[in-house]
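Here, residue 1 is the first one in the sequence, and each next residue gets the next number.
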Amino acid sequence: MPKTKTDTAAQAPEAKSTSPAVGRAVRILDLVARSARPMSPADLARETGLPKSSLHGLCDTLIQLRLLQRTGTGALAMGPHVMTWANAFLAHTNILQEFYVAWQESGLFTQETITLSVLDGRDVVYIACQNGSRPLDLTFRNGMRLPAPYTATGKAMLSTLPDDEVRMLLLDAPWPTPLTRRSVGSLDALLPELTHCRREGYSLDDAQVREGMHCFGAAVFDATSQQRAVAGVAVSFLEVDLDSPDRVDAIGQDIRALADQLSARLGAPVHPERRDMA
């Protein structure tokens with residue numbers, strides 16, 4: 001729920017600012033970030049009290065800088081460039097330490113490959129990799145980038161964004177080159193996978209990154225992220241080891257449990273509320 005004009009003004013009084021334009025831009029970004037859905041220009045004008053001409057100019061600049069982006073209805077949502085700052089922040093937090101502690105305390109996936117990644121635009125970037133004892137024909141490494149639509153962590157993190165925002169993020173450039181014959185080929189094919197993730201709590205890369213390899217992913221939250229994931233965890237298996245739907249679901253629930261444990265260590269509720277953002 002967006003804060004009222006009075007609440008916002010109390011947090012960032014413009015009279016004390018040496019750069020009023022920067023202060024107003026931050027107020028706009030804060031309002032959009034706190035909103036449960038993209039905000040219309042009329043909503044922003046009402047909440048900020050800014051003249052429409054000033055608001056229009058600030059929003060246009062923020063859109064050019066990719067800090068905001070317009071949805072199909074003309075409403076405003078957070079832009080992908082924000083992730084650059086978020087990733088820099090993550091690099092200086094204890095998420096890596098907490099990831100390893102949560103994994104070790106969980107007792108889960110002691111022989112499998114476990115990864116932690118963050119969303120950077122249309123890609124995921126791996127920031128922690130514990131390669132397992134079973135060969136996968138793929139070695140994950142820190143700093144590796146892969147297209148978000150094909151990876152388990154990418155799907156999990158994208159599922160925490162509204163579909164309009166996913167559409168804007170992924171369709172601002174040509175669709176990523178497929179990595180396998182099973183790589184999801186379009187946004188229309190990806191959206192049902194995101195819906196499944198929102199419903200079940202975990203995502204599945206069914207040989208979309210590497211033939212014969214299936215990865216299960218889940219979104220990670222912290223105390224300030226609310227509905228938006230700050231990272232994703234995943235575990236990788238050989239396809240031949242997944243012998244039944246019950247086995248698949250059990251692994252999915254285990255990776256969700258690990259993600260919840262890490263989220264709790266980062267200050268988030270154990271089970272963040274999931275809503276249909278389609």
Side-chain angles (χ1 to χ4, degrees), residues 1-5 7-8 11-12 21-50 52 54-90 118-124 147-149 153-173 175-176 186-188 190-191 193-195 197-198 219-222 224-232 272-278:
M1 179 73 66
K3 291 186 178 293
T4 66
K5 182 168 37 178
D7 292 337
T8 307
Q11 289 183 358
V22 173
R24 293 174 189 138
V26 170
R27 288 174 60 196
I28 292 169
L29 292 170
D30 282 345
L31 283 167
V32 174
R34 293 190 190 108
S35 178
R37 50 184 50 85
M39 294 189 70
S40 70
D43 290 336
L44 281 172
R46 182 176 62 254
E47 294 293 337
T48 62
L50 293 173
K52 290 184 178 180
S54 298
L55 179 65
H56 180 77
L58 285 168
C59 289
D60 278 353
T61 298
L62 292 172
I63 290 170
Q64 291 172 17
L65 295 173
R66 302 177 73 225
L67 294 171
L68 289 179
Q69 58 188 1
R70 292 193 187 279
T71 67
T73 63
L76 294 165
M78 298 304 292
H81 189 63
V82 175
M83 292 307 303
T84 303
W85 297 341
N87 294 340
F89 170 77
L90 283 175
V118 293
L119 193 64
D120 185 15
R122 294 153 48 92
D123 295 337
V124 297
T153 54
K155 296 174 197 290
M157 288 184 281
L158 289 172
S159 76
T160 70
L161 305 178
D163 280 351
D164 281 348
E165 191 168 336
V166 174
R167 185 173 289 105
M168 293 290 291
L169 178 65
L170 297 181
L171 295 185
D172 67 348
W175 193 255
S186 67
L187 179 66
D188 287 341
L190 174 66
L191 291 179
E193 295 191 37
L194 302 187
T195 299
C197 183
R198 293 168 186 146
V220 174
F221 304 85
D222 67 10
T224 63
S225 62
Q226 299 179 1
Q227 297 293 336
R228 292 171 181 264
V230 296
E273 179 185 355
R274 301 183 189 102
R275 65 177 184 274
D276 187 355
M277 296 183 242

Could you pull out the closest heavy-atom pair between Arg198 and Leu158, with the gap in Å? NH2-O, 4.2 Å

For the pair Asp164 and Arg37, evaluate side chain to side chain contact (heavy atoms under 4.5 Å, CB included) and give the outcome as yes or no after the intermediate values. CA-CA 10 Å; Asp164 281 348; Arg37 50 184 50 85; over 6 Å; no

Scanning both residues in full, the closest heavy-atom pair of Asp123 with Pro147 reads OD1-CA, 3.7 Å

How long is the straight-line distance from OG1 of Thr48 back to CZ of Arg24, given to the nearest 0.5 Å? 9.5 Å

Please name the pair of heavy atoms, one in Leu190 and one in Pro149, separated by the smallest distance, quoted to 0.1 Å. CD1-O, 3.8 Å

Nearest heavy-atom neighbours spanning Cys197 and Ser159: SG-OG, 3.4 Å

Side chain of Arg66, backbone of Pro80: donor and acceptor closer than 3.5 Å? no

With a 4.5 Å limit on heavy-atom distance, are the side chains of Asp43 and Arg46 in contact? yes

Within the side chain of Thr160, is there an N or O that forms a donor-acceptor pair under 3.5 Å with the backbone of Ala229? yes

Are the side chains of Val230 and Val118 in contact, using a 4.5 Å heavy-atom criterion? no

Side chains of Ile63 and Leu76: closer than 4.5 Å at any heavy-atom pair? yes

Side chains of Arg167 and Leu187 in contact at under 4.5 Å (non-hydrogen atoms): yes

Side chains of Arg122 and Asp172, heavy atoms from C-beta outward: is any pair under 4.5 Å? yes

Would you give the length of the straight line joining atom CG of Leu161 to atom CG of Leu170, rounded to the nearest 0.5 angstrom? 9.0 Å

Between CG on residue Leu44 and NE2 on residue His56, distance to nearest 0.5 Å: 13.0 Å

Are any of the side-chain nitrogens in Arg70 or Asp60 under 4.0 Å away from the carboxylate oxygens of its partner? yes

Would you call Asp30-Arg27 a salt bridge at under 4.0 Å N-O? no

Check whether any side-chain heavy atom of Pro38 lies under 4.5 Å from a side-chain heavy atom of Thr73, and answer yes or no. no

From Asp163 CG over to Leu191 CG, what is the distance, rounded to the nearest 0.5 angstrom? 5.0 Å

Heavy-atom closest pair, residues Leu65 and His81: O-CB, 3.6 Å

Could you report the tightest heavy-atom contact between Lys155 and Leu194, atom names first, then the distance? O-CD2, 3.4 Å

Look up atom CG in Leu62 and atom CG in Leu29, then write down how far apart they are to the nearest 0.5 Å. 5.0 Å

Separation between CE of Met78 and CZ of Arg34, rounded to the nearest 0.5 Å: 11.0 Å

Salt bridge or not for Glu165 and Arg228, using N-O below 4.0 Å? yes

Min side-chain heavy-atom separation Met39-Ile28 under 4.5 Å: no

